[in-house]
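So the structure is just underneath, and the comments pick up after that.
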There are 2 protein chains.
Amino acid sequence: MSETNNVEQMIKVMSRNGWRITDQRRLLAEIFAKTDGYLSPKYVYDQMTVHYPSVSFDTVYRNLRLLSEMGALEQFYFMDGGLKFRMNCSNHHHHHLICMNCEKTLTFDYCPMETTLKLPGNFKIINHRFEVYGVCEECQESS
Amino acid sequence: MSETNNVEQMIKVMSRNGWRITDQRRLLAEIFAKTDGYLSPKYVYDQMTVHYPSVSFDTVYRNLRLLSEMGALEQFYFMDGGLKFRMNCSNHHHHHLICMNCEKTLTFDYCPMETTLKLPGNFKIINHRFEVYGVCEECQESS
DNA sequence: CTATCTGCAAAAAGTTTGCACTTTT
DNA sequence: AAAAGTGCAAACTTTTTGCAGATAG
């Protein structure tokens, strides 16, 4: 099943980068594998403590940072400046549709940079950011 | 000249909202009127102290927040999570081209949401964010 | 066995709040 | 004179760092 695969894949990435596979890191992988939204450090920490009460916030934080540095997670500052992480789906370029209530995200392939976009100035384009924010179907119903 | 106009316009917005025009607020308006990029609270504070050494950081912070709540400034979290402010150009919808080096920004009218964009799920779309990051002509030359 | 990782504690950095004093209106 | 704004200090939140003991490889 796919959740397990995601866990194993993340573990493999860590191993390949020479990291040790601790219980904490395995649990971290499991938490991300079973969610498709952006998670805050605090949320991840709370989830961790459910199965592993002695874990420290620093360790969670540290590993979140390391995992995104190595590319297994994707790091993201929301519109309100809050830091979030999600499993990296970097295989192909895409953008996100994000629920402002539950923060579940869907990906879509349309990219505005692929159109013949006439931009002012003579900038050397490096990067872009495009996200659509809204309320998902479930959250619309439950309000 | 246009910089002075911008200052007067910001002052007018504050007055209209029932705010008092203090030296600090006038200076704040002048700082934003003469820059077309996003400014960090720290940068604004540093600029303030040049002409008004006794100003406190809290006052700058407080006024930046208040000015964006009332719409005279636009508040923005950069890709790295840093908070920035710039004069609000809210008259018409547009997006920004931002220099990653000097943070000068140019606006452009193209909006990806105006195309017939097929998005997954049944989200109620509320908002979107589209920015292009690059290096402006001057910064390319000086490197 | 050794290098890496964890947990604790403490330090930075960024942001907000309470309050007495000053300034605008 | 009254109401609102300022500056100072302190609290709070989020993120980072140092280090002794624990653990994966």
Side-chain angles (χ1 to χ4, degrees), chain A residues 7-8 10-31 38-70 72-73 75-85, chain B residues 7-8 10-31 38-70 72-73 75-85:
Chain A
V7 174
E8 292 316 319
M10 274 185 80
I11 302 261
K12 217 179 293 172
V13 174
M14 297 195 243
S15 272
R16 200 185 313 137
N17 284 58
W19 291 22
R20 294 189 172 168
I21 308 306
T22 62
D23 293 347
Q24 292 90 331
R25 283 178 179 164
R26 182 172 291 277
L27 187 47
L28 207 54
E30 284 167 16
I31 288 168
Y38 283 92
L39 309 181
S40 71
K42 185 157 177 11
Y43 176 87
V44 176
Y45 172 68
D46 289 343
Q47 290 296 305
M48 293 278 282
T49 54
V50 172
H51 302 285
Y52 202 118
S54 70
V55 77
S56 76
F57 195 73
D58 326 70
T59 299
V60 175
Y61 225 95
R62 197 160 21 207
N63 281 321
L64 288 174
R65 182 156 39 85
L66 292 170
L67 279 165
S68 36
E69 273 168 17
M70 93 169 46
L73 293 178
Q75 172 179 326
F76 188 90
Y77 287 92
F78 264 60
M79 293 234 285
D80 65 352
L83 179 58
K84 298 278 165 67
F85 296 86
Chain B
V7 174
E8 293 314 319
M10 275 185 80
I11 303 261
K12 217 181 290 174
V13 173
M14 297 196 242
S15 273
R16 200 186 312 138
N17 284 58
W19 291 21
R20 294 184 173 174
I21 308 308
T22 62
D23 293 346
Q24 291 91 330
R25 283 177 180 165
R26 182 173 291 278
L27 187 46
L28 208 54
E30 282 167 16
I31 288 168
Y38 284 92
L39 308 183
S40 71
K42 184 155 180 14
Y43 176 86
V44 176
Y45 172 68
D46 289 343
Q47 290 296 305
M48 293 277 282
T49 54
V50 173
H51 301 284
Y52 200 118
S54 69
V55 76
S56 76
F57 194 73
D58 325 67
T59 298
V60 175
Y61 225 95
R62 197 159 23 207
N63 280 322
L64 287 174
R65 183 156 37 84
L66 291 170
L67 279 166
S68 35
E69 275 167 17
M70 91 167 46
L73 293 178
Q75 174 178 322
F76 187 89
Y77 287 92
F78 262 60
M79 294 233 285
D80 66 351
L83 179 58
K84 299 278 167 67
F85 296 85

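Chain identifiers are assigned alphabetically (A, B, ...) following the order of the sequence lines, protein sequences preceding nucleic acid strands; residue numbering begins at 1 within each chain.
Spacing between atom CD of A:Gln75 and atom C1' of D:dT16 amounts to 14 Å, rounded to whole angstrom units. One atom, OH of B:Tyr77, and another, C1' of D:dT14, lie 12 Å apart when rounded to the nearest Å. Separating the OH atom of B:Tyr61 from the P atom of C:dG14 is a distance of 8 Å, rounded to the nearest angstrom. Rounding to whole angstrom units, CG of residue A:Leu64 and C1' of D:dT16 are separated by 14 Å. Between the CG atom of B:Leu66 and the P atom of D:dG5 there is a distance of 8 Å, rounded to whole Å. Going from atom CZ of B:Phe78 over to atom P of C:dG14 covers 15 Å, rounded to whole Å. The distance between atom OH of B:Tyr52 and atom P of C:dT23, rounded to the nearest whole Å, is 8 Å. Atom P of nucleotide D:dG25 and atom CZ of A:Arg16 are separated by 16 Å, given to the nearest angstrom.
Using modelled atom types, no side-chain atom of A:Thr49 and backbone atom of A:Tyr52 make a donor-acceptor pair closer than 3.5 Å.
Map A:Val60 and B:Ile21 each onto its nearest nucleotide of DNA chain C; the residue landing nearer the 5' end is A:Val60.
Distances shorter than 4.0 Å separate none of the side-chain N or O atoms of A:Arg65 from OP1 or OP2 on D:dT15. Contact check, A:Arg25 against C:dC5: a side-chain N or O comes under 4.0 Å of OP1 or OP2. The side chain of B:Thr22 places an N or O atom within less than 4.0 Å of a non-bridging phosphate oxygen (OP1 or OP2) of D:dT6. Between B:Ser56 and D:dG7 there is a side-chain N or O to OP1 or OP2 distance below 4.0 Å. Between D:dG7 and B:Gln24, a contact under 4.0 Å exists linking OP1 or OP2 to a side-chain N or O.
Among D:dT15, D:dC8, C:dA9, the nucleotide with an atom closest to any side-chain atom of A:Asp58 is C:dA9. Each of D:dT23, C:dT23, D:dC8 was ranked by its minimum atom distance to the side chain of B:Arg20; first place goes to C:dT23. Checking C:dT15, D:dG5, C:dG7 against every side-chain atom of B:Trp19, the shortest atom distance belongs to D:dG5. For B:Val55, the side-chain atoms get nearest to D:dG7 when compared with the rest of C:dT16, C:dT15, D:dG7.
With A:Phe76 as the aromatic partner, A:Lys84 does not meet the cation-pi criteria of under 6.0 angstrom to the ring centre and within 45 degrees of the ring axis.
Closest heavy-atom contact between B:Met14 and B:Ala29: CE-CB, 4.4 Å.
Taking the six-membered ring for Trp and the full ring otherwise, A:Tyr45 and A:Phe57 have centroids separated by under 6.0 Å.
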Go through the steps to decide whether A:Tyr38 and A:Phe78 satisfy the test ring pair (Phe, Tyr, Trp, His ring centres under 6.0 Å), and finish with yes or no. CA-CA 9 Å; A:Tyr38 283 92; A:Phe78 264 60; 5.6 Å; yes
